[in-house]
There are 2 protein chains.
Amino acid sequence: MRLTITDIAKKAKVSKSTVSRVLNNSGYVHRETREKIEQVIKENTYYPSATARNLSKKESNTIGVIIPEADNEFFGEILTGISEVVDEHNMTLIFCDTSNRFLKEERALDMMNMQRVKGLILTPVNDHSDSETEKKLKQKLRDSKIPIVLLDRGVKNSQWDGVFFENYQSAYSATEILIKEGHKKIGIITGDLKLKIGQDRYKGYLNAMEDYKMEIMDKYIYEGNFSVEKAYELSKQFIESKDLPDAILTCNNRTSLGLIKALMEYNIILGKDISAIGIDNNKVLDILGYNFSYVARDAVEMGRVAMRRLLERFEDPDKQRVEYIMPFKIYLKGSEKKKP
Amino acid sequence: MRLTITDIAKKAKVSKSTVSRVLNNSGYVHRETREKIEQVIKENTYYPSATARNLSKKESNTIGVIIPEADNEFFGEILTGISEVVDEHNMTLIFCDTSNRFLKEERALDMMNMQRVKGLILTPVNDHSDSETEKKLKQKLRDSKIPIVLLDRGVKNSQWDGVFFENYQSAYSATEILIKEGHKKIGIITGDLKLKIGQDRYKGYLNAMEDYKMEIMDKYIYEGNFSVEKAYELSKQFIESKDLPDAILTCNNRTSLGLIKALMEYNIILGKDISAIGIDNNKVLDILGYNFSYVARDAVEMGRVAMRRLLERFEDPDKQRVEYIMPFKIYLKGSEKKKP
DNA sequence: GTGAAAGCGCTAACAG
DNA sequence: CTGTTAGCGCTTTCAC
């Protein structure tokens, strides 16, 4: 059986309270007593029970993290960032992957409540959806009564802190670059337009086009869903139609891959036969020195920021909610260029 | 304040024990009483405290997972697999990322002990090292007295269950393919030879070469460390030396990228000017339809298997230790071919 | 079927 | 400086 504080107390010939004092470094303990106790603890490799401690203190040092897919570079990096800060503060991280399913999200939230996590970082499966789903989610978040930071995706009229990416502006800027390069027929492969991140990026494109008095042509607007497959299919379609746009904006890393794959198959050269900028970086393309221009965000930092926000919120629970918008950088590699 | 079982009991006009019975679905409870209690629970969105429950039951439903880097496709997939099974069994997952630092690994283990996790899945920072480090690790694992599954990397004379990749055989088979293709000067960019996974893959190469009476030439053996940078540097070196091997084996996904990057820069065509097979798949290369042949493993499945092993171990703590070796598949895409 | 009481391992007043 | 005591919120006998 595992040792308890009582065992240690007996072995050290003191009371539990004294052991507790040295464990928590609280109150005064005679130097010799302390050393004796520390020795006993070490000799017996005693680990105080976080369970008992939490129950007694009526609080935990546990942070809950709920994300939709760990096997996605982006969320892997997010997790790394969160974990880093959690670790710096000697806290414990409880992790849940929802596989992008709302049912799992609900169960994850229940679990976090039962575990009495001190705070929660959540990327909801849905993003500003109008549905029943969002109502349920918000109710659950309210019920849980703990500090929550929404990450990457949010809810309407949120009452919680959030850390988001500058979706609108990044798409606007990328489009702007294509316009200034002198392209006329500028197209877009959108993301999932049911998600706010998808809509915002699309709006960024549209507004840039309007602001610069460019003609928006429906036939160059391809509605995707953030997946490689859909983007690939759409790209193949427009390639086969022989009516290619001059330049194209892709709305996330997977969309970019779908486009690139299609272009490769048809031997269409980026930066020569067609131009493009993508949102999101693609580590591997980058390593290989592929000339694809992109809007990058720092996911690890996003994780760190979210966790730091949570820590601040613990200090000041009643302060007004804060929303962080993570900046972006655009890396131009040549694919945005107009053919000579 | 949060509601407790006592609050629910009062509201339902019964005793705590009865509420506990319906919560745990244990013992007999009159139907009407049960329904009444369930209603009260629902109306008040009461979540029983896992902390109190664990303390009382003297056991938890929590699994600890310690991995070296979540922002690595491979470990992201591992985590996904583990999480999937944890979820199926309504357990809770506590996660730690060690950033490949042993100091963090030690602290993570302490934390898991304090959290009283029921079982642990661990990918140690080091792999079969001879050092003090490994002694310390093994001592800590023994002290923790809980079921442990070692994942991807192990320790010498392990007493714990393990799930590993078939490192030796996969390298052997890949080399064999290159040999049978008719290549003569077959080289290798090794991984980190301080890690057993690095050594095993290297041995697989050497033994295949010996078995087929191929000449092993030192100048074609490039010692890498599993990183893109090192592999890139080594590749550049041998390219500039003008003394290229006919074919080359790369020992992990990053090593492959380093090689490919260098080849691209020098305009050396895979499957034509030089041949290659790599260990590990590279999702992006695959998506793009790049003709790089590789040995693939299913990381998500590895995670699932590890977690299932843990569950079995709970059932039968004294059974002899089990070691799973995950199978591999080789996908030939043309890069292994000999030039015509 | 249900309730009362003891106890899980720890912390936190309160005495002394 | 140290020990005693009373919980924390739940489960689990043991009576009734």
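Every chain is numbered from 1, with letters handed out A, B, ... down the list of sequences.
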Test salt bridge (Lys or Arg N to Asp or Glu O under 4.0 Å) applied to B:Lys58 - qualifying residues, sequence neighbours left out: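 Counting only residues at least two positions away or on another chain, B:Lys58 forms no salt bridge (Lys or Arg N to Asp or Glu O under 4.0 Å).
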
Length of the [atom1]-[atom2] vector between [X] and [N], whole Å:
X        : N     : atom1 : atom2 : value
B:Lys13  : C:dT2 : NZ    : C1'   : 17 Å
A:Asn113 : D:dG9 : CG    : C1'   : 16 Å
A:Glu59  : D:dG9 : CD    : C1'   : 16 Å

Base, sugar-phosphate alone, or nothing: which one does A:Thr18 contact when heavy atoms must sit under 4.0 Å apart?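 It contacts sugar-phosphate atoms only.
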
Sugar-phosphate only, base, or nothing, as touched by B:Val19 at under 4.0 Å among non-hydrogen atoms: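 Contact class for B:Val19: none.
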
Where at least one partner belongs to residues 298-310 of chain A, residue pairs that pass salt bridge (charged side-chain N to carboxylate O under 4.0 Å, His left out), sequence neighbours excluded: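 Salt bridge (charged side-chain N to carboxylate O under 4.0 Å, His left out) check on residues 298-310 of chain A returns A:Glu84-A:Arg304, A:Asp161-A:Arg309, A:Glu301-A:Arg304, A:Glu301-A:Arg308, A:Arg309-A:Glu312.
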
Tabulate below the donor-acceptor pairs under 3.5 Å that side-chain atoms of residues 30-37 of chain A make, not counting sequence neighbours, or state none.
from: A:Arg31; atom 1: NE; to: A:Glu35; atom 2: OE2; distance (Å): 3.2
from: A:Arg31; atom 1: NH2; to: A:Glu35; atom 2: OE2; distance (Å): 3.3

Is there a residue in residues 32-58 of chain B whose heavy atoms reach under 4.0 Å of DNA chain C, and which residues are they?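 Contacts with DNA chain C under 4.0 Å: B:Thr33, B:Leu55, B:Ser56, B:Lys58.
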
Contact list please: residues 23-31 of chain A against DNA chain C, heavy atoms, distance less than 4.0 Å, in numerical order. A:Asn24

What N/O pairs connect the protein and nucleotides 4-6 of chain C at under 3.5 Å? Give each pair on its own line.
from: C:dA4; atom 1: N7; to: B:Ser17; atom 2: OG; distance (Å): 3.4
from: C:dA4; atom 1: N6; to: B:Ser17; atom 2: OG; distance (Å): 2.9

Distance only, no hydrogens: is a donor on one side chain within 3.5 Å (strictly under) of an acceptor on the other, for B:Glu69 and A:Thr80?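 No, because no side-chain N or O of B:Glu69 sits under 3.5 Å from a partner of the opposite role on A:Thr80.
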
For the residue pair A:Tyr47 / B:Asp110, report whether a side-chain donor-acceptor contact shorter than 3.5 Å exists.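 Yes, side-chain donor-acceptor contact under 3.5 Å.
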
Are A:Thr62 and A:Lys118 close enough, and set up right, to give a side chain to side chain contact (heavy atoms under 4.5 Å, CB included), and what steps lead you there? CA-CA 6 Å; A:Thr62 304; A:Lys118 190 172 184 185; 5.8 Å; no

Ring of B:Phe102, cation from B:Arg107 - is the NZ or CZ under 6.0 Å from the centre and inside 45° of the axis? no

